[in-house]
Amino acid sequence: MAWPTIAEFMLVDAEPEMIAAGRRLAAAGRLANATWVRSDALAPEGTADLVLASYVLGEIEAGQRDAITRKLWSSSTGTLVLVEPGTPAGYARIIAARRAVLADGGFTVAPCPHDADCPLIGDDWCHFATRLPRGDVHRAVKRVSRGFEDEKFSYVALSREPGERATARIIRPPLVRSGHVYLDTCEAGGVARRIVTRRDASAYRAARKAGWGDVLAVGPNSTPDGELS
Ligand SMILES: C[S@@+](CC[C@H](N)C(=O)[O-])C[C@H]1O[C@@H](n2cnc3c(N)ncnc32)[C@H](O)[C@@H]1O
């Protein structure tokens with residue numbers, strides 16, 4: 001469970017239909033006692049330790065995104081988390097918001113283990129995936145039969161204080177081969193491909209279990225394969 005210590009939730013949306021749907025979805029879980037507020041994202045007063053805006057920036061007119069990002073950042077006394085679809089456009093919105101918050105004195109908590117510009121260039125974009133169950137309605141609307149889907153997302157977590165950082169983040173699905181694992185990582189020095197071999201048994205075991213999006217403890221036997229870019 002993410003953030004098990006959160007005691008109070010305030011959920012904001014501009015549309016009453018979304019609030020009604022959210023209430024139904026939340027009725028049985030931890031959000032059952034949440035406060036729901038119908039409001040524009042620019043309007044709510046007050047602050048919170050953690051502010052999360054999920055799949056919202058893409059719904060905002062491009063000219064307003066900067067103002068919304070600043071409002072969300074000024075509302076968070078601790079951490080701001082932004083999540084967007086894991087497409088090149090969603091990633092671009094995340095990168096623009098990250099740049100604005102860093103310029104305003106913020107620090108990156110995740111996924112980047114640094115505050116430098118994103119080292120991905122060209123057609124590449126930083127994104128991850130999570131497996132979501134599909135209910136009957138979901139399957140009917142999408143006209144599919146599989147009971148799950150792998151949702152791609154881009155995200156950034158930004159904080160007011162510099163926190164402890166991972167040394168490396170795995171930014172693509174690991175390639176597990178016989179006797180070695182290839183891991184593409186983002187690190188302070190840029191993007192690297194690391195190879196972990198079974199010569200270091202514990203690092204190898206950890207690498208075989210590591211997933212796309214996990215942090216990687218970079219040890220002496222996880223050597224970069226070629227130059228950091
Ligand atoms: C794709 S949905 C995401 C809903 C929810 N955050 C989630 O992650 O499941 C986008 C939501 O943003 C809301 N929204 C769009 N513009 C908004 C604004 N200016 N202020 C507040 N909410 C807004 C829409 O009403 C819609 O519910």
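When a ligand or atom number is given, it counts from 1 through the structure's own listing order.
For the pair Arg30 and Trp3, the cation-pi test (distance below 6.0 Å, angle within 45°) is failed.
Scanning all heavy atoms of the two residues, the minimum distance from Ala100 to Asp66 falls at CB-OD1, 3.9 Å.
Contact annotation for Ser39 and ligand 1: only backbone heavy atoms (N, CA, C, O) come within less than 4.0 Å of the ligand. Residue contacts with ligand 1, taken as heavy atom pairs separated by less than 4.0 Å, involve Ile60 solely via side-chain atoms from C-beta onward.
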Audit row: Arg169, Asp184, salt bridge (charged side-chain N to carboxylate O under 4.0 Å, His left out) steps and yes/no = CA-CA 8 Å; Arg169 171 88 51 189; Asp184 291 337; over 6 Å; no
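Residue contacts with ligand 1: Glu59 is placed with no nitrogen or oxygen under 3.5 Å of a nitrogen or oxygen of the ligand (distance criterion only). For ligand 1, one of its N or O atoms has an N or O atom of Ala41 under 3.5 Å away.
Here CD1 of Ile171 is found 7.0 Å from OG1 of Thr185. Values are rounded to the nearest 0.5 Å.
Within 4.0 Å of atom 20 (N) of ligand 1, at least one protein heavy atom is present.
Of all protein heavy atoms, the one closest to atom 23 (C) of ligand 1 is Ala14 CB, 3.9 Å. For atom 5 (C) of ligand 1, the closest non-hydrogen atom on the protein side is Ser54 O, 3.8 Å. The protein heavy atom nearest to atom 24 (C) of ligand 1 is Asp13 OD1, 3.5 Å.
The aromatic rings of Trp212 and His127 stand perpendicular to each other, their planes meeting at an angle above 60°, with 30° marking the opposite boundary.
Set against the non-hydrogen atoms of Tyr55, the atoms of ligand 1 under 4.0 Å away are 1 (C), 2 (S), 3 (C), 10 (C). Each of the following atoms of ligand 1 lies closer than 4.0 Å to a heavy atom of Met18: 4 (C), 27 (O).
In this structure a side-chain-to-backbone donor-acceptor pair under 3.5 Å is missing from Arg70 to Arg65. Checking side-chain atoms of Arg38 against main-chain N and O of Ala14 turns up a donor-acceptor pair under 3.5 Å.
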